[in-house]
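Accompanying notes for the structure given below.
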Amino acid sequence: KVRGLQLTVPKNMDVRPTADRVKESLFNIIGSKIIEAKVLDLFAGTGNLGLESWSRGAKEVVFIDESKESLRLVNSNINKCRAQEACKVHKGNAVTIAAHLASIGERFDFAFCDPPYNKGWIEQIIGLFPEHVFLQEGGYLIVERSAHNELPLLPECLENVREQKYGETYINFLRYSQK
């Protein structure tokens, strides 16, 4: 929808946007499954992954971040893309808000988990399962992590169906299933 539009990025390194080549590969893997999808961007940063999802056809994107600066960037980028109708933004802890969304029955087709590296966030998000499920049956939790941060032991309801390596970055596609 907004091919070639440059998003506003941070002036410091507190936010680490997903590298363009990683993002391109990630969305090539997802392909047309993103069309009409509900997407959760757990550690929104600039809103890069959520807005790319919307641009490729996702019907709804929910962004979460704790940082005022990140939320300013997310809102600025949503406005720049004119995507306000399809987007919701939550300020707060991603683990707490994801658990709350699960408790009120919100379910997503894709959830991007691209937190600050090596801070225990991935383990906490995965630890929400199976009690606090925010994915549709067959939905994907897509985890971006450092090569120095091993994927934790997964609950039975999450299956690591694909892992891609890009230098020091790994992307894991974790599919949710109750079966």
Side-chain angles (χ1 to χ4, degrees), residues 15-19 22-23 25-45 47-50 52-54 56 58-67 70 74 88-179:
V15 176
R16 174 196 41 77
T18 299
V22 175
K23 183 173 69 172
S25 176
L26 168 64
F27 281 97
N28 285 340
I29 291 167
I30 293 172
S32 63
K33 290 184 197 119
I34 201 70
I35 296 170
E36 291 299 306
K38 275 185 71 176
V39 174
L40 178 61
D41 194 342
L42 289 158
F43 299 87
N48 185 16
L49 294 172
E52 183 72 24
S53 299
W54 170 81
R56 291 175 181 246
K59 70 178 173 189
E60 181 183 330
V61 183
V62 174
F63 298 90
I64 303 171
D65 210 293
E66 280 187 302
S67 158
S70 287
V74 169
K88 294 178 189 162
V89 179
H90 295 281
K91 180 185 187 325
N93 177 287
V95 176
T96 303
I97 293 173
H100 171 72
L101 292 172
S103 75
I104 62 171
E106 287 281 347
R107 299 293 181 267
F108 299 88
D109 301 295
F110 292 95
F112 293 105
C113 181
D114 179 17
Y117 283 173
N118 305 315
K119 303 241 188 239
W121 289 112
I122 294 168
E123 293 80 357
Q124 290 181 60
I125 292 294
I126 289 172
L128 290 173
F129 291 86
E131 285 78 30
H132 304 286
V133 176
F134 51 83
L135 292 174
Q136 299 276 14
E137 178 70 26
Y140 290 88
L141 177 63
I142 299 175
V143 175
E144 181 175 333
R145 63 185 177 83
S146 156
H148 307 290
N149 190 16
E150 292 292 320
L151 198 62
L153 186 64
L154 299 176
E156 285 186 23
C157 63
L158 289 176
E159 178 187 2
N160 186 13
V161 294
R162 186 167 183 164
E163 180 175 271
Q164 294 291 131
K165 184 176 190 291
Y166 307 92
E168 289 292 306
T169 300
Y170 280 85
I171 303 284
N172 293 90
F173 293 78
L174 310 179
R175 186 170 45 219
Y176 170 73
S177 177
Q178 294 177 320
K179 298 168 184 119

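Just so you know, these numbers use all the heavy atoms, side chains as well, and skip hydrogens, waters and symmetry mates.
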- prompt: Distance only, no hydrogens: is a donor on one side chain within 3.5 Å (strictly under) of an acceptor on the other, for H100 and E106?
  reply: no

query: Taking R145 as the fixed residue, which of E123, E168, E163 is the one that meets the salt bridge (Lys or Arg N to Asp or Glu O under 4.0 Å) rule?
result: E163

message: The test is salt bridge (charged side-chain N to carboxylate O under 4.0 Å, His left out); show your working for R107 and E137 and say whether it passes.
response: CA-CA 9 Å; R107 299 293 181 267; E137 178 70 26; over 6 Å; no

- request: Write down the atom of A37, the atom of D109, and the distance for their closest heavy-atom approach.
  value: CA-OD2, 3.3 Å

- prompt: Do you know the tightest heavy-atom contact between A99 and L128?
  reply: CB-CD2, 4.0 Å

- request: Go through the steps to decide whether R162 and R175 satisfy the test side-chain contact (heavy atoms from CB on, under 4.5 Å), and finish with yes or no.
  value: CA-CA 9 Å; R162 186 167 183 164; R175 186 170 45 219; over 6 Å; no

task: State, with a plain yes or no, whether a side-chain heavy atom of F129 is found less than 4.5 Å away from one of L154.
output: no

- prompt: Roughly how far, to the nearest 0.5 Å, is CG of N48 from OG of S53?
  reply: 9.5 Å

message: Measuring from atom CZ of F134 to atom CD1 of I97, what distance do you get when rounded to the nearest 0.5 angstrom?
response: 12.0 Å

query: Could you give the distance from CZ (F63) to NZ (K88), rounded to the nearest 0.5 Å?
result: 12.5 Å

query: Atom CG of L153 and atom CG of L158: how far apart are they, to the nearest 0.5 Å?
result: 11.0 Å

- prompt: Would you call V39 and W54 a side-chain contact if the rule is heavy atoms closer than 4.5 Å?
  reply: no

H90 to V62 - nearest heavy-atom pair and separation: CD2-CG1, 3.4 Å

- request: Take K33 and F110, measure what side-chain contact (heavy atoms from CB on, under 4.5 Å) needs, and give me the verdict at the end.
  value: CA-CA 9 Å; K33 290 184 197 119; F110 292 95; 3.8 Å; yes

field: Side chain D41, main chain G50, donor-acceptor under 3.5 Å
entry: yes

message: Would you say that more than 12 heavy atoms from the other residues, nucleotides or ligands in this model lie under 6.0 Å from the NZ of K91, or not?
response: yes

task: Would you check if the distance from the ring center of F112 to the ring center of F43 is below 6.0 Å?
output: no

field: D65 side chain to S67 backbone, donor-acceptor under 3.5 Å
entry: yes

task: Answer with yes or no whether the side chains of Q136 and Y176 bring together a donor and an acceptor at under 3.5 Å.
output: no

field: Residue pair E144 / T169, side-chain heavy-atom distance below 4.5 Å
entry: yes

task: Report the C-alpha separation of I30 and Y140 in whole Å, then their side-chain angles, then the decisive distance to 0.1 Å, and conclude whether the side-chain contact (heavy atoms from CB on, under 4.5 Å) test is met.
output: CA-CA 10 Å; I30 293 172; Y140 290 88; over 6 Å; no

task: Please name the pair of heavy atoms, one in A98 and one in I64, separated by the smallest distance, quoted to 0.1 Å.
output: N-CD1, 4.3 Å

Greater than 12 external heavy atoms within 6.0 Å of I104's CD1: yes

query: Shortest non-hydrogen contact from A111 to L135?
result: CB-CD2, 3.9 Å

- prompt: Which residue, V95, L42, N149, forms the side-chain contact (heavy atoms from CB on, under 4.5 Å) with W121?
  reply: V95

query: Do Y170 and L151 come within less than 4.5 Å of each other through their side chains, counting heavy atoms only?
result: no

task: Give a yes or no on whether K119 atom NZ has more than 12 heavy-atom contacts from other residues, nucleotides or ligands under 6.0 Å away.
output: no

field: Step-by-step side-chain contact (heavy atoms from CB on, under 4.5 Å) determination, L49 to K23
entry: CA-CA 8 Å; L49 294 172; K23 183 173 69 172; 4.1 Å; yes

query: Once you round to the nearest 0.5 Å, how far does CG of L40 lie from CD1 of I125?
result: 8.0 Å

- request: Provide the closest heavy-atom pair for E52 versus F27 in the form atom of the first, atom of the second, distance.
  value: CG-CE1, 3.4 Å

